[in-house]
Structures are given as C-alpha cells and as structure tokens.
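Okay, handing you the structure first.
FYI, the numbering just counts along the sequence from 1.
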Amino acid sequence: MPIRVGVIGAGVMGADHIRNLSTTISGAEVTFVADLDAARAAAAAPHTARSTTDPSELINSSDVDAVVVASHDSTHAGLVLECFEAMTPVLCEKPLAPTLLESRDVVAADDDIVAATGASLLSLGFMRRFDPGYVLLREAVAARSQGEPLMVRCTSRTASSGPGASTGSAITNSAIHELDVIPWLLGSPITEVSWQSGRSSRHSPAGLRDPALMLMRTADGTLVTLELFLNAQYGYTTECEIVSEAGTLALPEPPALASRQDGRLSAGIPEDWRPRFADAYRLQLQAWVSALRSAEPAPLATARDGLNAALVAQAMTRSLHSDGAFTKVSY
C-alpha cells in the first residue's frame with residue numbers, strides 16, 4: 001500500500017511537493033491538502049484527495065499516514081508538535097522554526113519520542129543534501145582529493161525578495177541553507193560568524209539590507225563567505241566553490257536554456273530556485289517515502305541539524321545588531 005501523505009501549505013513549495021508526490025515519487029499518494037485559502041487547497045489537491053483550511057483536521061485524519069509541512073515558517077514548530085502528538089511522521093520544510101526557543105522545544109519533544117520509541121518522527125527539508133552537485137562536492141572533500149579545504153565561497157541570488165522579507169528573515173529563511181550545508185560539506189561545525197553590508201539596492205524594500213556578505217569560520221579553521229542578494233533582478237543563481245591546497249571544486253551553474261543564434265551565445269536563467277533544485281527535492285521526497293515504507297530511519301536532516309542551523313543563525317543575527325562584530329556560535 002502507498003504511504004498516504006497529507007500536505008499542509010499549498011503555496012509555491014507545497015504545490016510543488018504535491019505534484020512530485022502525485023507524479024514522480026514511487027510508493028506515495030496525496031490524500032489530503034490543507035491551506036488557509038480554501039480555494040487554493042482545493043485546486044492543489046489531486047482529484048481523489050480531500051482539502052481543508054484546518055491543518056489539525058489533516059494531521060489527525062485516518063486518511064493520512066505521514067505529513068509534509070510546507071506552510072509559513074511561523075507555523076512550522078507548532079504543526080510539527082501536533083504531528084508528534086498524533087505520532088505521525090512529518091517532513092518539515094526548512095527552517096525548523098523561525099526562533100531558537102521554538103527550535104529547542106521541537107528538539108526536546110523529538111528527543112522524548114526517540115527515548116520512548118527508538119525512532120524520530122521528524123525529517124527536515126534541507127534538500128541541498130540531496131542535490132547531485134553538493135553530494136559530489138562532499139565526497140571529494142571527504143576524500144581530500146585536493147588536500148585540505150582552505151576557503152569556501154558561496155553566492156545566493158534571487159530575482160526579488162518575498163513579501164515581508166527583512167534583514168533578519170534573510171538569515172533565518174534564505175541563508176539558512178548555507179548555514180546547514182557548510183558544516184555538512186566540510187564535516188566541521190561553524191564556530192564564528194560576521195554579518196556585513198554596504199549599499200543596499202534601490203530594489204530592496206524597507207527593512208531589508210540587501211545584498212549582504214556573511215563570513216563564517218568552521219572549527220577546523222576554514223573561512224567561508226556567503227553573498228546573499230535577494231533582489232538581484234535577473235533571476236535565480238547559486239554558487240559554491242571550495243578552495244583547497246591543490247585545486248578548487250565548484251558546482252556547475254546549469255542554465256535553463258542555452259541558445260546559439262545570430263552570432264550570439266546566450267543562456268537562460270531560471271526565475272526561482274525550483275528548476276535548479278528540482279532533482280534535490282525529488283530525491284529527498286523519494287528517500288523519505290522509501291524510508292517510511294521500509295520502517296528504516298530517513299536519511300534526511302534531523303531536528304538536531306535544524307537546531308544547529310538556528311544556533312548559527314542566532315549568532316549571525318547578533319553580529320548584524322553588533323555592527324558586524326565576529327560572534328561565537330554557542331552550541
């Protein structure tokens with residue numbers, strides 16, 4: 001029997017998960033969709049699925065074996081805790097929670113479940129861990145094929161920031177990917193951070209200092225830079241280059257479309273992150289569903305990984321409010 005999945009949140013990310021679970025993921029079917037917008041929930045739900053505006057109804061439904069939480073960041077912790085109360089496995093989109101206190105509450109509850117049952121119910125959606133390029137980077141770093149890594153340079157640019165974006169949410173919602181993937185790539189936790197900015201783009205809304213440069217140092221001494229630019233206008237691009245003792249490793253930047261015409265070579269750029277990480281999302285969902293079907297631990301990020309990223313984000317936010325002073329991460 002397929003795993004019956006309920007999806008909470010039918011916006012851009014939730015709708016994408018629903019499409020994947022309904023068309024490309026083996027062993028799963030979407031049976032219930034919840035969204036505060038009733039029309040959007042009904043439109044996103046497959047024709048055999050139910051829809052509701054009440055996520056609690058979905059979580060406690062006998063038609064649901066597992067839940068995907070793809071709603072607003074502010075709802076993540078509460079919905080995950082509801083899934084724990086129902087003893088329902090849950091895949092929660094990043095971040096685990098927008099605040100450190102909420103993240104700690106989720107981890108404490110998850111620890112209690114593991115102590116009682118021997119297994120966690122929570123998987124966290126840091127999908128870059130499943131991106132083929134990032135996987136190859138990690139394998140090469142682990143093999144020390146170019147000697148010891150010395151520096152890492154990351155960029156993350158989007159066409160325009162989402163509604164309500166602020167300097168703080170840029171850290172907890174956007175930069176959070178790098179705050180998770182850098183320790184995963186290097187096998188060394190981030191121990192010190194600094195947040196810097198210069199002139200902001202005229203396209204950046206009030207309350208958002210954009211672009212920003214974030215500096216990080218890991219426990220093994222590797223220096224990491226992240227340029228985050230949420231209003232770059234031209235589309236979505238992300239880069240990661242690792243500089244080592246005997247060479248460099250870099251992710252490719254796959255174009256949406258390459259064109260040769262009239263003596264010119266041009267390449268299309270995706271409007272958002274979904275084309276770039278489509279494989280990562282599919283591979284992550286499949287790994288989660290396959291683990292549920294086999295009753296094995298899911299090989300996804302954990303609640304503790306989410307808390308660690310939140311601790312780095314807290315230190316970065318403290319640096320932001322301390323004129324960019326280097327700030328220690330307290331684990």
Side-chain angles (χ1 to χ4, degrees), residues 1-9 12-33 46 59 64-71 76 79-80 83-84 87-96 106-107 110 113-114 117-142 176-187 238 240 251 254 273-309:
M1 295 290 292
I3 298 294
R4 300 172 301 168
V5 181
V7 179
I8 300 175
V12 172
M13 198 66 261
D16 207 49
H17 285 320
I18 291 167
R19 283 191 295 271
N20 276 327
L21 287 164
S22 301
T23 60
T24 66
I25 304 304
S26 174
E29 65 172 330
V30 176
T31 56
F32 217 150
V33 175
I59 291 169
V64 169
D65 301 316
V67 172
V68 172
V69 173
S71 48
H76 287 190
L79 292 173
V80 167
C83 288
F84 287 176
M87 293 302 291
T88 301
V90 53
L91 168 58
C92 180
E93 268 300 326
K94 61 80 194 165
L96 181 60
V106 172
V107 169
D110 184 61
I113 289 173
V114 172
T117 68
S120 172
L121 291 173
L122 176 65
S123 298
L124 193 58
F126 280 123
M127 84 295 175
R128 293 190 187 187
R129 294 172 176 230
F130 286 84
D131 177 72
Y134 275 101
V135 170
L136 289 174
L137 269 184
R138 187 176 190 236
E139 291 173 352
V141 170
I176 200 76
H177 277 297
E178 278 78 14
L179 305 190
D180 170 73
V181 84
I182 290 301
W184 180 81
L185 280 173
L186 298 178
T238 185
C240 183
L251 290 175
W273 69 93
R274 287 173 295 172
R276 169 62 183 84
F277 288 110
D279 288 341
Y281 281 113
R282 285 194 296 269
L283 291 167
Q284 177 181 251
L285 276 173
Q286 187 64 71
W288 179 62
V289 169
S290 296
L292 292 175
R293 287 172 59 83
S294 65
E296 295 293 328
L300 280 73
T302 65
R304 186 70 57 177
D305 293 322
L307 176 59
N308 288 342

message: Show the nearest heavy-atom pair for residues I3 and A66, with the distance to one decimal.
response: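 That would be CG2-CB, 4.1 Å.
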
query: OG1 of T23 to CD1 of I18: how many Å apart, nearest 0.5 Å?
result: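 Nearest 0.5 Å value for the OG1-CD1 distance: 11.5 Å.
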
field: Steps toward salt bridge (charged side-chain N to carboxylate O under 4.0 Å, His left out) verdict (D110, R304)
entry: CA-CA 9 Å; D110 184 61; R304 186 70 57 177; over 6 Å; no

query: How long is the gap from SG on C83 to CD1 on I59, to the nearest 0.5 Å?
result: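 Going from the SG atom of C83 to the CD1 atom of I59 covers 4.0 Å.
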
- prompt: If you round to the nearest 0.5 Å, how far is OG of S290 from CG of L285?
  reply: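 Spacing of CG (L285) from OG (S290) equals 10.5 Å.
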
field: Any donor-acceptor pair under 3.5 Å from H76 side chain to V69 backbone
entry: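 No, the answer is negative, given that no donor and acceptor are paired below the 3.5 Å cut-off.
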
task: List the atom of Y281, the atom of N20, and the distance in Å for their closest heavy-atom pair.
output: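 Answer, listing the atom of Y281 first, then N20: CB-ND2, 4.4 Å.
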
- request: Run the numbers on H17 and V30 for side chain to side chain contact (heavy atoms under 4.5 Å, CB included), then give the verdict.
  value: CA-CA 10 Å; H17 285 320; V30 176; over 6 Å; no

message: Do the side chains of R129 and D180 get close enough for a salt bridge, i.e. N-O under 4.0 angstrom?
response: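 Looking at D180 together with R129, the answer is yes, because their closest N to O distance falls below 4.0 Å.
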
Separation between CG of L300 and SG of C92, rounded to the nearest 0.5 Å: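 It comes to 11.5 Å.
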
field: Option among E93, H177, K94 that satisfies the side chain to side chain contact (heavy atoms under 4.5 Å, CB included) test with M127
entry: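 Running side chain to side chain contact (heavy atoms under 4.5 Å, CB included) over E93, H177, K94 with M127 returns exactly one hit, H177.
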
- request: Look up atom CG in L179 and atom CZ in F126, then write down how far apart they are to the nearest 0.5 Å.
  value: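 With rounding to 0.5 Å, CG (L179) is 8.0 Å from CZ (F126).
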
- prompt: For W184, does its backbone N or O pair with a side-chain atom of R138 as donor and acceptor, under 3.5 Å?
  reply: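 Here the side-chain-to-backbone pair exists.
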
message: Is any side-chain heavy atom of Q284 closer than 4.5 Å to one of F277?
response: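 Result no, sub-4.5 Å side-chain heavy-atom pair not found.
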
- request: Check whether any side-chain heavy atom of L185 sits under 4.5 Å from a side-chain heavy atom of C240, and report yes or no.
  value: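 They are in contact (side-chain heavy atoms under 4.5 Å apart), so the answer is yes.
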
task: Begin from the C-alpha positions of L122 and L96 and carry the test side chain to side chain contact (heavy atoms under 4.5 Å, CB included) through to its verdict.
output: CA-CA 10 Å; L122 176 65; L96 181 60; 3.7 Å; yes

- prompt: Has the side chain of D305 got a donor or acceptor atom that lies under 3.5 Å from a matching backbone atom of T302?
  reply: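 It does hold such a pair.
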
field: Heavy-atom side-chain contact between R274 and V12 under 4.5 Å
entry: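 In short, these two side chains touch, coming nearer than 4.5 Å.
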
4.5 Å side-chain heavy-atom contact, F84 and V90: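 When only atoms from C-beta onward are counted, V90 and F84 do touch, with a gap below 4.5 Å.
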
task: Hey, could you give me the OG/CD1 distance between S71 and I8, rounded to the nearest 0.5 Å?
output: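 Here the interatomic distance stands at 6.0 Å.
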
task: Please name the pair of heavy atoms, one in W288 and one in V68, separated by the smallest distance, quoted to 0.1 Å.
output: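 That would be CZ3-CG2, 3.6 Å.
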
- prompt: Taking all atoms of both residues into account, what is the closest heavy-atom pair of L251 and G133, and its distance?
  reply: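 Closest heavy-atom pair between L251 and G133: CD2-C, 3.3 Å.
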
message: Could you report the tightest heavy-atom contact between G306 and L124, atom names first, then the distance?
response: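 Looking at all heavy atoms of both residues, the shortest contact is CA-CD2, 3.3 Å.
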
query: Any donor-acceptor pair under 3.5 Å linking the side chain of S294 with the backbone of A291?
result: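 Yes; at least one donor-acceptor contact below 3.5 Å.
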
- prompt: Counting only N and O atoms by type, is there a donor-acceptor contact under 3.5 Å from the side chain of R19 to the main-chain atoms of T24?
  reply: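 Side chain of R19 to backbone of T24, a donor-acceptor pair under 3.5 Å: no, none is there.
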
field: Heavy-atom pair with the smallest gap, counting every atom of V7 and G14
entry: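 Looks like CG1-O, 4.0 Å.
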
